[in-house]
Amino acid sequence: MGVTKHLNFDIETKVVGEICKALGHPTRIQIMTLLWKKNNRTCGEIVELIPLAQSTISKHLLELKKANLVMIKNEGKRIVYSVEIDSIQMLKKYLSSYLSTFEVPEKNKSTILTTKHKTESINGRLKQYNYQFPDKK
């Protein structure tokens, strides 16, 4: 039997992990983008803009809520969703600090030149067969 290793990550790492997991679906990214452009939308308003079933959008909103990416406010019978700024700030801080320390040495970057080189070798191999097609007149 394998032993599962439990690592105790710091709170920020766990939170960023949950945020990234929640954002790991294109629909949820779309929902966040809509809320970012205009905050305080109802599920119905989101459904009007993303052509999916209301139940599907609701499930995605729940996932975003679980990851603390959206806040829920009850306004009478309406439930209004808005962006949880603190979570976005944490993600921004994490990515900014990560990107500022992240450097790819020039020699390790795949460039247009290497890609071009690969395609030439494929074409070269195809040419050696020199397929002949009967001429159409």
Checklist outcome for this item: Taken in chain and number order and not counting sequence neighbours, the residues that satisfy side-chain contact (heavy atoms from CB on, under 4.5 Å) with Lys21 are none
Next on the checklist: I need the Ile57 CD1 to Glu48 CD distance, nearest 0.5 Å.
Outcome noted: 11.5 Å
Checklist entry - With a 3.5 Å cut-off and no angle check, do the side chains of Thr27 and Gln30 form a donor-acceptor pair? => result no
Item to check | Connected via hydrophobic side-chain network under 4.5 Å: Val80 and Ile85 | outcome: no
Checklist entry - Side chains of Ser58 and Val47: does their closest heavy-atom pair fall under 4.5 Å? => result no
Checklist entry - Do Val15 and Leu62 sit in the same hydrophobic cluster, where Ile, Leu, Val, Met, Phe, Trp and Tyr count as joined when their side-chain heavy atoms come under 4.5 Å apart? => result no
Next on the checklist: With a sphere of 6.0 Å drawn around NZ of Lys38, does it hold more than 12 non-hydrogen atoms of other residues, nucleotides or ligands?
Outcome noted: yes
Checklist entry - Side chains of Glu75 and Lys73: does their closest heavy-atom pair fall under 4.5 Å? => result yes
Item to check | Reported OG1-to-CD1 distance for the pair Thr56 and Ile50, which is rounded to 0.5 angstrom | outcome: 11.0 Å
Checklist entry - What pairs with Met32 under side-chain contact (heavy atoms from CB on, under 4.5 Å), at least two apart in sequence or on another chain? => result Leu23, Leu64, Leu69, Val70, Val83, Ile88
Checklist outcome for this item: dist Leu34:CG -> Ile46:CD1 (nearest 0.5 Å) comes out at 6.5 Å
Checklist entry - Would a distance-only check, ignoring hydrogens and angles, find a side-chain to backbone donor-acceptor pair under 3.5 Å from Arg78 to Thr42? => result no
Item to check | Residues which pass salt bridge (Lys or Arg N to Asp or Glu O under 4.0 Å) with Lys66, listed by chain and number, not counting sequence neighbours | outcome: Glu63
Checklist entry - Between CD of Glu18 and CG of Leu91, what distance do you get to the nearest 0.5 Å? => result 13.0 Å
Checklist entry - Out of curiosity, Leu35 CG to Met71 CE, how far, rounded to the nearest 0.5 Å? => result 10.0 Å
Checklist entry - Is any side-chain heavy atom of Asn40 closer than 4.5 Å to a side-chain heavy atom of Tyr81? => result no
Checklist outcome for this item: Value for NZ (Lys92) from OG (Ser87), rounded to nearest 0.5 Å, stands at 14.5 Å
Item to check | CA sep, side-chain torsions, deciding dist, call: Leu49, Arg41, side-chain contact (heavy atoms from CB on, under 4.5 Å) | outcome: CA-CA 11 Å; Leu49 296 159; Arg41 294 183 195 252; 3.1 Å; yes
